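The structure appears right after this line, and notes come after that.
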Amino acid sequence: MMSNKRIQELELVMEFEKVEECFKEVSSWIENVGRKRLKETTNLDDSLEMLLQAQKQFKEFDLVASEYCKRGQEALKKMNQWEDFSFVDVHSYRAKLQAYEDQLEEFCTQLDETRHRVCETVRLYEFFDKVRQGICCPEEGVKS
(Lines give C-alpha, C1' and ligand atoms only; values in the text may rest on other atoms or scores of the structure.)
Protein backbone atom coordinates (compact mmCIF):
# COMPACT_ATOMS: atom_id res chain seq x y z
CA MET A 1 0.00 0.00 0.00
CA MET A 2 2.82 2.39 0.90
CA SER A 3 4.61 1.43 -2.28
CA ASN A 4 1.53 2.24 -4.36
CA LYS A 5 1.20 5.58 -2.61
CA ARG A 6 4.83 6.45 -3.37
CA ILE A 7 4.46 5.40 -6.99
CA GLN A 8 1.38 7.61 -7.35
CA GLU A 9 3.22 10.51 -5.74
CA LEU A 10 6.14 10.11 -8.13
CA GLU A 11 3.82 9.87 -11.13
CA LEU A 12 2.06 13.05 -10.06
CA VAL A 13 5.35 14.87 -9.55
CA MET A 14 6.55 13.79 -12.98
CA GLU A 15 3.25 14.87 -14.56
CA PHE A 16 3.43 18.18 -12.72
CA GLU A 17 6.93 18.81 -14.05
CA LYS A 18 5.69 18.33 -17.62
CA VAL A 19 2.73 20.63 -17.03
CA GLU A 20 4.90 23.16 -15.21
CA GLU A 21 7.24 23.33 -18.19
CA CYS A 22 4.28 24.14 -20.42
CA PHE A 23 3.02 26.72 -17.92
CA LYS A 24 6.41 28.36 -17.65
CA GLU A 25 6.42 28.82 -21.41
CA VAL A 26 2.83 30.15 -21.44
CA SER A 27 3.50 32.36 -18.41
CA SER A 28 6.65 33.78 -19.92
CA TRP A 29 4.83 34.60 -23.16
CA ILE A 30 1.98 36.25 -21.25
CA GLU A 31 4.37 38.43 -19.26
CA ASN A 32 6.86 39.27 -22.03
CA VAL A 33 4.57 39.56 -25.05
CA GLY A 34 0.89 39.21 -24.24
CA ARG A 35 0.43 41.89 -21.60
CA LYS A 36 2.50 44.40 -23.57
CA ARG A 37 0.43 43.86 -26.70
CA LEU A 38 -2.80 44.22 -24.74
CA LYS A 39 -1.58 47.52 -23.30
CA GLU A 40 -0.86 48.74 -26.83
CA THR A 41 -4.55 48.44 -27.64
CA THR A 42 -5.73 50.63 -24.76
CA ASN A 43 -5.49 53.81 -26.85
CA LEU A 44 -7.09 53.17 -30.18
CA ASP A 45 -6.63 55.62 -33.04
CA ASP A 46 -9.15 58.31 -33.92
CA SER A 47 -9.65 57.54 -37.59
CA LEU A 48 -11.57 54.61 -39.00
CA GLU A 49 -8.69 53.71 -41.32
CA MET A 50 -6.17 53.56 -38.47
CA LEU A 51 -8.64 51.71 -36.29
CA LEU A 52 -9.20 49.06 -38.97
CA GLN A 53 -5.42 48.62 -39.22
CA ALA A 54 -5.21 48.25 -35.44
CA GLN A 55 -8.04 45.71 -35.55
CA LYS A 56 -6.20 43.69 -38.19
CA GLN A 57 -3.03 43.67 -36.10
CA PHE A 58 -5.01 42.73 -33.00
CA LYS A 59 -6.65 39.81 -34.82
CA GLU A 60 -3.22 38.44 -35.72
CA PHE A 61 -2.11 38.80 -32.09
CA ASP A 62 -5.42 37.33 -30.89
CA LEU A 63 -4.83 34.12 -32.84
CA VAL A 64 -1.47 33.58 -31.16
CA ALA A 65 -2.72 34.65 -27.72
CA SER A 66 -5.76 32.36 -27.97
CA GLU A 67 -3.46 29.46 -28.77
CA TYR A 68 -1.42 30.15 -25.62
CA CYS A 69 -4.63 30.37 -23.57
CA LYS A 70 -5.79 27.06 -25.05
CA ARG A 71 -2.47 25.37 -24.27
CA GLY A 72 -2.59 26.62 -20.69
CA GLN A 73 -6.19 25.47 -20.23
CA GLU A 74 -5.39 22.02 -21.62
CA ALA A 75 -2.50 21.70 -19.18
CA LEU A 76 -4.84 22.65 -16.34
CA LYS A 77 -7.27 19.93 -17.38
CA LYS A 78 -4.47 17.38 -17.09
CA MET A 79 -3.94 18.44 -13.52
CA ASN A 80 -7.59 18.04 -12.51
CA GLN A 81 -6.72 14.49 -11.50
CA TRP A 82 -4.88 15.93 -8.49
CA GLU A 83 -8.20 16.62 -6.82
CA ASP A 84 -8.61 12.87 -6.27
CA PHE A 85 -5.30 12.48 -4.46
CA SER A 86 -5.96 14.08 -1.09
CA PHE A 87 -3.61 11.64 0.64
CA VAL A 88 -0.63 12.72 -1.45
CA ASP A 89 1.39 15.65 -0.13
CA VAL A 90 0.96 17.95 -3.11
CA HIS A 91 0.15 21.21 -1.34
CA SER A 92 3.16 23.10 -2.71
CA TYR A 93 2.36 21.90 -6.22
CA ARG A 94 -1.26 22.98 -5.88
CA ALA A 95 -0.15 26.45 -4.82
CA LYS A 96 2.02 26.79 -7.95
CA LEU A 97 -0.77 25.42 -10.08
CA GLN A 98 -3.24 27.91 -8.59
CA ALA A 99 -0.87 30.79 -9.35
CA TYR A 100 -0.58 29.65 -12.99
CA GLU A 101 -4.33 29.22 -13.22
CA ASP A 102 -4.97 32.71 -11.82
CA GLN A 103 -2.49 34.29 -14.24
CA LEU A 104 -3.95 32.42 -17.21
CA GLU A 105 -7.53 33.25 -16.26
CA GLU A 106 -6.72 36.94 -15.81
CA PHE A 107 -4.95 37.16 -19.16
CA CYS A 108 -7.66 35.26 -21.05
CA THR A 109 -10.31 37.53 -19.53
CA GLN A 110 -8.34 40.63 -20.53
CA LEU A 111 -7.94 39.20 -24.03
CA ASP A 112 -11.69 38.62 -24.33
CA GLU A 113 -12.46 42.12 -23.05
CA THR A 114 -9.97 43.70 -25.45
CA ARG A 115 -11.33 41.69 -28.37
CA HIS A 116 -14.84 42.90 -27.56
CA ARG A 117 -13.72 46.51 -27.06
CA VAL A 118 -11.83 46.62 -30.37
CA CYS A 119 -14.78 45.11 -32.24
CA GLU A 120 -17.28 47.50 -30.66
CA THR A 121 -15.04 50.51 -31.29
CA VAL A 122 -14.71 49.60 -34.96
CA ARG A 123 -18.49 49.16 -35.27
CA LEU A 124 -19.06 52.53 -33.60
CA TYR A 125 -16.57 54.29 -35.87
CA GLU A 126 -18.12 52.66 -38.94
CA PHE A 127 -21.54 53.85 -37.82
CA PHE A 128 -20.31 57.39 -37.24
CA ASP A 129 -18.54 57.35 -40.60
CA LYS A 130 -21.82 56.39 -42.32
CA VAL A 131 -23.66 59.12 -40.41
CA ARG A 132 -20.99 61.67 -41.32
CA GLN A 133 -21.17 60.67 -44.98
CA GLY A 134 -24.95 60.98 -44.86
CA ILE A 135 -24.74 64.48 -43.37
CA CYS A 136 -21.88 65.78 -45.54
CA CYS A 137 -22.98 64.22 -48.79
CA PRO A 138 -26.69 63.35 -48.57
CA GLU A 139 -26.89 62.44 -52.25
CA GLU A 140 -24.15 59.82 -51.84
CA GLY A 141 -25.81 58.53 -48.67
CA VAL A 142 -29.06 57.97 -50.55
CA LYS A 143 -27.30 56.26 -53.47
CA SER A 144 -25.45 53.81 -51.20
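Everything numeric in this text was worked out from a predicted model, so none of it was measured. Along the sequence shown, the residues carry numbers beginning at 1.
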In terms of heavy-atom contacts, V122 and L48 come closest through O-CD1, 4.3 Å
Exercise. Check the hydrophobic clustering (I, L, V, M, F, W, Y; side-chain heavy atoms under 4.5 Å; chains of links allowed) and say if I135 and F128 are grouped together.
Key: yes
Quick one, E60 with R37, criterion salt bridge (charged side-chain N to carboxylate O under 4.0 Å, His left out). Give me CA distance, side-chain angles, the key distance, then yes/no. CA-CA 11 Å; E60 293 168 2; R37 291 291 304 269; over 6 Å; no
Could you check whether E21 pairs with K24 (Lys NZ or Arg NE/NH1/NH2 to Asp/Glu carboxylate O, under 4.0 Å)?
no
Distance col, row S47:OG vs Q53:CD, nearest 0.5 angstrom, shows 10.5 Å
Is there a path of hydrophobic side-chain contacts, each under 4.5 Å between heavy atoms of I, L, V, M, F, W or Y residues, that connects V118 with M50? no
Tell me, with the steps shown, if V26 and F107 meet side-chain contact (heavy atoms from CB on, under 4.5 Å).
-> CA-CA 11 Å; V26 170; F107 178 76; over 6 Å; no
Quick note, side chain to side chain donor-acceptor pair (under 3.5 Å) partners involving residues 120-131, not counting sequence neighbours, are E120-R123, D129-R132, D129-Q133
- Do the rings of Y100 and F23 sit parallel, tilted or perpendicular, given the 30° and 60° boundaries? parallel
- Pair L76-V19, side-chain contact (heavy atoms from CB on, under 4.5 Å): steps then yes or no: CA-CA 8 Å; L76 282 174; V19 170; over 6 Å; no
dist E106:CD -> T109:OG1 (nearest 0.5 Å) comes out at 8.0 Å
*Donor-acceptor pair, R117 side chain versus T41 backbone, under 3.5 Å?*
yes
Atom pairs and distances, side-chain donor-acceptor, residues 65-73, under 3.5 Å, sequence neighbours left out:
| from | atom 1 | to | atom 2 | distance (Å) |
| --- | --- | --- | --- | --- |
| S66 | OG | D62 | O | 2.8 |
| S66 | OG | D62 | OD1 | 3.2 |
| R71 | NH1 | E25 | OE2 | 3.2 |
| R71 | NH2 | E25 | OE1 | 3.2 |
| R71 | NH2 | E25 | OE2 | 3.0 |

Between E31 and K36, is the side-chain contact (heavy atoms from CB on, under 4.5 Å) condition met? List the steps.
CA-CA 8 Å; E31 292 304 318; K36 291 176 184 177; over 6 Å; no
Tightest non-hydrogen contact, residues F58 and R115, listed as CE2-CA, 3.5 Å
Taking atom CD of E105 as the centre, does the number of heavy atoms from other residues, nucleotides or ligands within less than 6.0 Å exceed 12? no
Other residues, nucleotides and ligands only: do more than 12 of their heavy atoms fall within 6.0 Å of CG on D102? yes
* When you check the side-chain N and O atoms of Q57 and E40, is any donor under 3.5 Å from an acceptor? -> no
Query raised in the report: Does I30 belong to the same Ile/Leu/Val/Met/Phe/Trp/Tyr cluster as V33, with side-chain heavy atoms less than 4.5 Å apart forming each link?
Result: yes
*Answer whether the closest heavy-atom distance between the side chains of E15 and E20 falls below 4.5 Å.*
no
